[in-house]
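Both counts, for ligands and for their atoms, begin at 1 and track the order of listing.
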Amino acid sequence: MLEVRDLHVSYGKARAVQGVSLRVGEGEIVALIGANGAGKSSTMHAICGVTKPALGAISFRGKDITGLPAHRVVPLGIAQVPEGRLIFDDLTIEENLVLGGITLPGGSERQRMARVLDLFPVLAPRTGEPASNLSGGQQQLLAIARGLMSNPTFLMLDEPSLGLAPLAAQEVFDLFVTLRRNGVTILLVEQNVRQALAIADRGYVIESGRIILEDESARLLEDEGLARAYLGIERQ
Ligand code: ATP
């Protein structure tokens, strides 16, 4: 579904991504794992057209989307839920959702919102409230719901469990499994490595802008280097 080949992203002289290649197949959940500053967000920004790649190629369902601006990428079925939620506190839950679907024709908005809210029973009765009334975990759910308002078939999430209490984080991970069942393919950036790999089919490990490891999730969880670096485990 998505293929990234030899992607390079630079900010002036800073080389954030240096030759990343990855693939995501339809129906998969794929985790992109790495420490702060490894280049995870830059990779996602390049895919969804927020940042222009310096080099490399990105294709989605066989169509070359390299360097396409975000407003042309989203209608193809790609959405990103950014790191830190970035919801609009002063707007209502409903208004936040409307903004998530702004690239689609207005006529289908009510239907889309009803379908999205079906997945979020905690948000559904509160759509008239300001988003600032929500707890951190609920705001994360709103950010995901907003991402779904553009009807994506491919959803990218940047650190969705960051700052959440364990139960709220688990709710978010459970939701991804439901979304996949509903036909959404997922690329997940996470530092919560164990939980991400528990639901992902495959994972890539990125370090200093380069992919250093890729494998099926179960095998990554057994990898000694990964366990030491990201799971805090010293194997005997
Ligand atoms: P984090 O989890 O901290 O967001 P990340 O793996 O997502 O980390 P990126 O945000 O992609 O990493 O950053 C990769 C590198 O690029 C870092 O060294 C970062 O400081 C740098 N960088 C990111 N955005 C910019 C920018 N807009 N201008 C300059 N440098 C940037």
Atom 4 (O) of ligand 1 sits nearest the protein heavy atom Glu83 OE1, 3.1 Å

The protein heavy atom nearest to atom 1 (P) of ligand 1 is Gly37 N, 3.7 Å

>> Any salt bridge linking Arg110 with Glu94? Criterion: basic side-chain nitrogen under 4.0 Å from a carboxylate oxygen.
In response: yes

Consider ligand 1: state whether an atom of it lies below 4.0 angstrom from any non-hydrogen atom of His45. no

So the atoms of ligand 1 within less than 4.0 Å of a heavy atom of Ser41 turn out to be 4 (O), 5 (P), 7 (O), 10 (O), 11 (O)

Exercise. Would you please determine whether Ala35 falls within less than 4.0 Å of ligand 1 on a heavy-atom basis?
Key: yes

Distance-only donor-acceptor check, side chains Gln138 and Asn133, under 3.5 Å
no

The protein heavy atom nearest to atom 9 (P) of ligand 1 is Ser42 OG, 3.6 Å

- Mind checking whether Leu119 and Ile144 have side chains closer than 4.5 Å, heavy atoms only? no

_Within the 4.5 Å heavy-atom criterion, are Leu123 and Leu134 side-chain neighbours or not?_
yes

Under 4.0 Å from one or more heavy atoms of Gln191, ligand 1 contributes atoms 2 (O)

Contact check: Ala38 vs ligand 1, nitrogen or oxygen atoms, below 3.5 angstrom:
yes

Rounding to 0.5 Å, atoms CZ (Phe154) and CG (Leu2) come to a distance of 4.5 Å

Any non-hydrogen side-chain atom of Val50 less than 4.5 Å from a side-chain atom of Val73?
no

Quiz item: Heavy atoms, side chains only, cut-off 4.5 Å: are Arg146 and Ile87 in contact?
Solution: yes

Judged by heavy atoms only, the candidate from Asn36, Leu162, Thr43 nearest atom 3 (O) of ligand 1 is Asn36

For atom 23 (C) of ligand 1, the closest protein heavy atom turns out to be Tyr11 CE1, 3.4 Å

Please determine if Glu26 and Arg61 form a salt bridge, counting it only when a charged side-chain N lies under 4.0 Å from a carboxylate O.
-> yes

Interatomic distance, CZ@Arg112 vs CD@Glu109, rounded to 0.5 Å, equals 6.0 Å

In this structure, OG1 of Thr153 is separated from CZ of Phe60 (nearest 0.5 Å) by 4.0 Å

- Message: Checking the N or O distance criterion of under 3.5 Å, is ligand 1 in contact with Lys40?
- Response: yes

Heavy-atom distance from atom 19 (C) of ligand 1 to the protein below 4.0 Å? no

Here the atoms of ligand 1 under 4.0 Å from any heavy atom belonging to Ala16 are 14 (C), 15 (C), 16 (O)

**Asked** Just distances here: any N/O of Gly39 and N/O of ligand 1 closer than 3.5 Å?
**Response** yes

**Message:** Can you tell me if Gly34 contacts ligand 1 (heavy atom of the residue under 4.0 Å from the ligand)?
**Reply:** no

Quiz item: Is Glu159 in contact with ligand 1, taking contact as a heavy-atom separation below 4.0 Å?
Solution: yes

